[in-house]
Amino acid sequence: MASVLAHRRAVPMLLFALIWLSCAWFGSWELNPNNATRLFAAISLVEHGDATIDEFAPLTIDRAQFGAHVYTDKAPGMTLMALPAVTFANAVTGESSASLTKTIDDPGFGQFMKLRLRMAAMFSSALLTGLAAVALWSLARDVTGNANAALVAALAYGLGTPAWGWSTTIFGHASVAALFMIAIWAVWRATQPVPRRGMVALVGLALGWAVVVEFQAVLAGAAIGVWVLWRIRALPVGTRLPLMLALIGGGVAAGLPMIAYNLVAFGVPIKFGYSGVVGFDGMQQGFFGLTYPKLPVLFELLFGPRRGLIWVAPVLLLAPIGLMRWYRQPGQRPMVVTVLAAVAIVLLINASYFYWDGGFSTGPRHSVPALPLLALGLAPLYATLEKGRARAAMLALLGLSIAVNLMIAAAEVTVPDTAPFPLWRPILIEDVANGFFRDLPGQFWGWSPWAGVALYLMLATVIGAALMIAARAVTRDDAPCRYSEMTLG
């Protein structure tokens with residue numbers, strides 16, 4: 001019994017370590033406008049106690065103007081999560097931005113930003129993605145009764161999709177994806193085996209914070225919120241009411257930091273930076289750039305060589321098959337419908353957005369919140385494959401996806417929007433071929449190209465091998481349970 005418990009504890013710990021290490025090891029350009037605008041606001045809050053970015057305004061195109069002052073135009077969630085990193089870095093280095101020359105080509109300013117961006121990403125996007133991978137594994141194992149199948153799905157999400165690359169940034173996409181996955185896991189656990197208010201509160205907290213990170217997350221998040229209400233609908237009133245209050249309380253708690261930010265920045269509790277955006281006329285169309293879904297755009301998001309999801313996450317080609325098999329299982333339909341609804345909402349919102357291609361981006365960055373939900377479908381597929389060749393083929397496709405996303409995370413997740421097929425050029429032909437990587441040893445320890453990647457591969461291989469051994473042991477130790485016999489819902 002002791003060895004069984006050890007294995008069950010080892011898998012989530014090793015899985016988290018592998019995903020977090022992978023996301024933390026690589027970085028993105030510190031002065032990318034989307035990264036920088038959030039970080040500038042965090043620096044201003046730490047150093048001056050206000051959210052204006054007037055002194056940084058010439059360095060980013062992602063800005064909003066209200067009166068005489070300039071602000072980030074983004075939702076405040078990622079800025080707020082960057083505050084501890086900026087505070088810690090300033091305290092340890094004894095350095096602030098006040099004495100620096102604020103230009104893109106100044107080495108001192110670049111290093112100042114690089115350290116703070118790397119720390120902020122490590123303890124926001126990367127941290128959440130690691131936790132979400134563990135939540136995905138836990139949920140998929142519960143549903144399929146197969147720890148190996150659950151591990152395939154978790155690795156596909158964490159390493160086989162651009163969630164990896166976007167977790168090296170403080171763009172909001174990877175964090176929203178992780179928060180959606182954590183919320184779905186919490187909904188599942190909220191009534192398994194008995195109603196738990198803490199889990200329901202976590203659902204509200206995760207969904208509420210997703211909205212603070214990206215405002216449009218309220219739409220896909222609503223599908224998950226409906227599911228938790230569906231799950232508790234049949235409970236006695238005396239049990240149901242505290243759970244609903246816990247859900248609301250979690251959401252309110254998540255929203256309080258945003259209200260505090262707005263009061264500091266604008267003097268009012270509710271204000272959207274996008275309402276003052278500068279230089280993006282498309283944001284004036286519809287509701288902050290959202291109009292209606294365009295089928296040609298949706299096709300490009302899924303299959304186009306410039307932004308198509310299948311090119312950057314080929315393993316997800318199998319996800320619809322797995323979701324269909326999952327849907328056919330007794331008692332599973334409410335969860336699958338929730339997953340499909342959230343995925344559809346994310347994709348349709350992306351196809352409705354004026355700037356649907358995301359500018360500088362590798363893959364469809366606005367569709368990233370759908371990635372863990374799609375990856376969930378891989379677990380029931382792998383669990384029901386009976387032939388060894390079929391499983392080997394699926395694992396080979398997973399390996400290809402991981403290799404593709406290693407290149408993206410190591411080289412460039414924000415490819416210029418002029419590249420017709422980013423995976424070929426610049427990523428493979430220019431960046432990888434010439435050893436242009438933003439890895440931790442190369443950026444901070446002065447290591448030569450490839451040396452940092454080689455060390456990462458060694459560490460990841462050791463952790464990955466231990467993870468597979470532990471997952472196999474869990475599968476062997478679990479009570480026999482065939483997926484086709486599962487009736488949990």
Side-chain angles (χ1 to χ4, degrees), residues 28-45 48 50-80 82 97 101-106 109-110 113 117 166 169-173 176 212-217 258 261-262 265-268 270-292 294 297 300-301 306-307 349-368 412-419 422:
S28 58
W29 186 37
E30 58 276 2
L31 290 174
N32 173 282
N34 212 312
N35 272 327
T37 188
R38 293 174 165 94
L39 197 54
F40 291 154
I43 292 169
S44 184
L45 283 166
H48 308 298
D50 63 54
T52 63
I53 60 169
D54 299 336
E55 66 272 36
F56 303 107
L59 301 177
T60 179
I61 58 173
D62 290 327
R63 59 184 187 267
Q65 184 150 3
F66 298 99
H69 295 293
V70 178
Y71 302 83
T72 177
D73 61 346
K74 309 301 180 185
M78 297 308 298
T79 289
L80 295 173
S97 66
T101 302
K102 299 176 181 63
T103 59
I104 289 179
D105 57 356
D106 182 75
F109 182 65
M113 292 288 291
L117 174 63
W166 293 112
T169 76
I170 57 170
F171 289 49
H173 316 308
V176 170
V212 176
V213 172
E214 288 187 347
F215 295 133
Q216 70 270 24
M258 181 177 69
Y261 170 87
N262 284 327
F266 310 115
V268 295
I270 301 296
K271 196 176 185 72
F272 302 108
Y274 284 124
S275 63
V277 69
V278 176
F280 290 91
D281 294 338
M283 295 296 291
Q284 307 307 317
Q285 296 195 20
F287 183 74
F288 294 138
L290 294 175
T291 53
Y292 60 91
K294 290 88 171 172
V297 171
E300 289 296 321
L301 291 172
R306 192 163 73 96
R307 290 291 181 268
I349 289 174
N350 197 165
S352 303
Y353 189 38
F354 184 86
Y355 300 105
W356 63 270
D357 67 346
F360 282 30
S361 174
T362 307
R365 68 180 178 91
H366 294 295
S367 294
V368 168
E412 187 59 84
V413 74
T414 54
V415 166
D417 55 3
T418 55

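All residue numbers refer to positions in the sequence shown, counting from 1.
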Self-check item: Minimum-distance pair of heavy atoms, taken over all atoms of Ser44 and Ala51
Solution: OG-C, 4.1 Å
Quiz item: Within the side chain of Asn35, is there an N or O that forms a donor-acceptor pair under 3.5 Å with the backbone of Ile170?
Solution: yes
Quiz item: Which is it for Lys102 and Phe56 under the side-chain contact (heavy atoms from CB on, under 4.5 Å) test, yes or no, and what are the steps along the way?
Solution: CA-CA 7 Å; Lys102 299 176 181 63; Phe56 303 107; 3.6 Å; yes
Quiz prompt | Backbone N/O of Val213 and side chain of Lys74: donor-acceptor pair under 3.5 Å | solution = no
Practice problem: Run the numbers on Thr52 and Asp50 for side chain to side chain donor-acceptor pair (under 3.5 Å), then give the verdict. | Solution: CA-CA 6 Å; Thr52 63; Asp50 63 54; 2.8 Å; yes
Self-check item: Nearest-0.5 Å distance, CE of residue Met113 to CG of residue Asp106
Solution: 12.0 Å
Quiz item: Any sub-3.5 Å donor-acceptor pair from Gln65's side-chain atoms to Gly67's backbone N or O?
Solution: yes
Practice problem: Give a yes or no answer on whether the side chain of Glu214 reaches the backbone of His173 with a donor-acceptor pair at less than 3.5 Å. | Solution: yes
Quiz item: Given side chains that start at C-beta, do those of Thr72 and Arg63 come closer than 4.5 Å, heavy atoms only?
Solution: no
Exercise. May I ask you to check whether Ser28 and Thr169 show a side-chain donor-acceptor distance below 3.5 Å?
Key: no
Quiz item: Taking the six-membered ring for Trp, are Phe266 and Tyr71 ring centroids under 6.0 Å apart?
Solution: yes
Quiz prompt | Exam field: side chain Arg365 to backbone Trp166, donor-acceptor pair closer than 3.5 Å | solution = no
Practice problem: Pick out which of Leu39, Ile53, Asn34 makes a side chain to side chain contact (heavy atoms under 4.5 Å, CB included) with Thr60. | Solution: Ile53
Self-check item: Contact check, side chains of Asp417 and Arg307, non-hydrogen atoms, under 4.5 Å
Solution: yes
Quiz item: Tyr353 versus Val297: any side-chain heavy-atom pair under 4.5 Å?
Solution: no
Quiz prompt | Note, Leu301 side chain near Trp356 side chain (heavy atom, < 4.5 Å) | solution = yes
Quiz item: Donor-acceptor pair, Asp62 side chain versus Thr37 backbone, under 3.5 Å?
Solution: no
Practice problem: May I ask you to test the Leu45-Tyr261 pair for a side-chain heavy-atom distance under 4.5 Å? | Solution: yes
Quiz item: For the side chain of Ser97 and the backbone of Ile43, is there at least one donor-acceptor N/O pair under 3.5 Å apart?
Solution: no
Practice problem: Considering non-hydrogen atoms only, spot the tightest contact between Thr103 and Phe109 and give its length. | Solution: O-CD2, 3.6 Å
Quiz item: Quick check: does any side chain N or O of Glu412 sit under 3.5 Å from a backbone N or O of Thr414, one acting as donor and the other as acceptor?
Solution: yes
Quiz item: What is the distance from atom OG1 of Thr362 to atom CZ of Arg306, rounded to the nearest 0.5 Å?
Solution: 11.5 Å
Quiz item: Can Lys271 be said to sit on top of Phe66's aromatic six-ring, NZ or CZ under 6.0 Å from centre and within 45° of the ring axis?
Solution: yes
Quiz item: With no hydrogens and no angle check, is any side-chain donor or acceptor of Ser275 less than 3.5 Å from a backbone partner on Phe272?
Solution: yes
Practice problem: Check whether any side-chain heavy atom of Tyr274 sits under 4.5 Å from a side-chain heavy atom of Phe280, and report yes or no. | Solution: no
Quiz item: Does Asp54 use its side chain to pair, donor to acceptor, with the backbone of His69 at less than 3.5 Å?
Solution: no
Quiz item: Hey, mind stepping through Val368 and Phe171 against side-chain contact (heavy atoms from CB on, under 4.5 Å) and telling me if it holds?
Solution: CA-CA 11 Å; Val368 168; Phe171 289 49; over 6 Å; no
Quiz item: Checking side-chain contact (heavy atoms from CB on, under 4.5 Å) for the pair Leu290/Ile349: CA distance, chi angles, key distance, verdict?
Solution: CA-CA 7 Å; Leu290 294 175; Ile349 289 174; 3.8 Å; yes
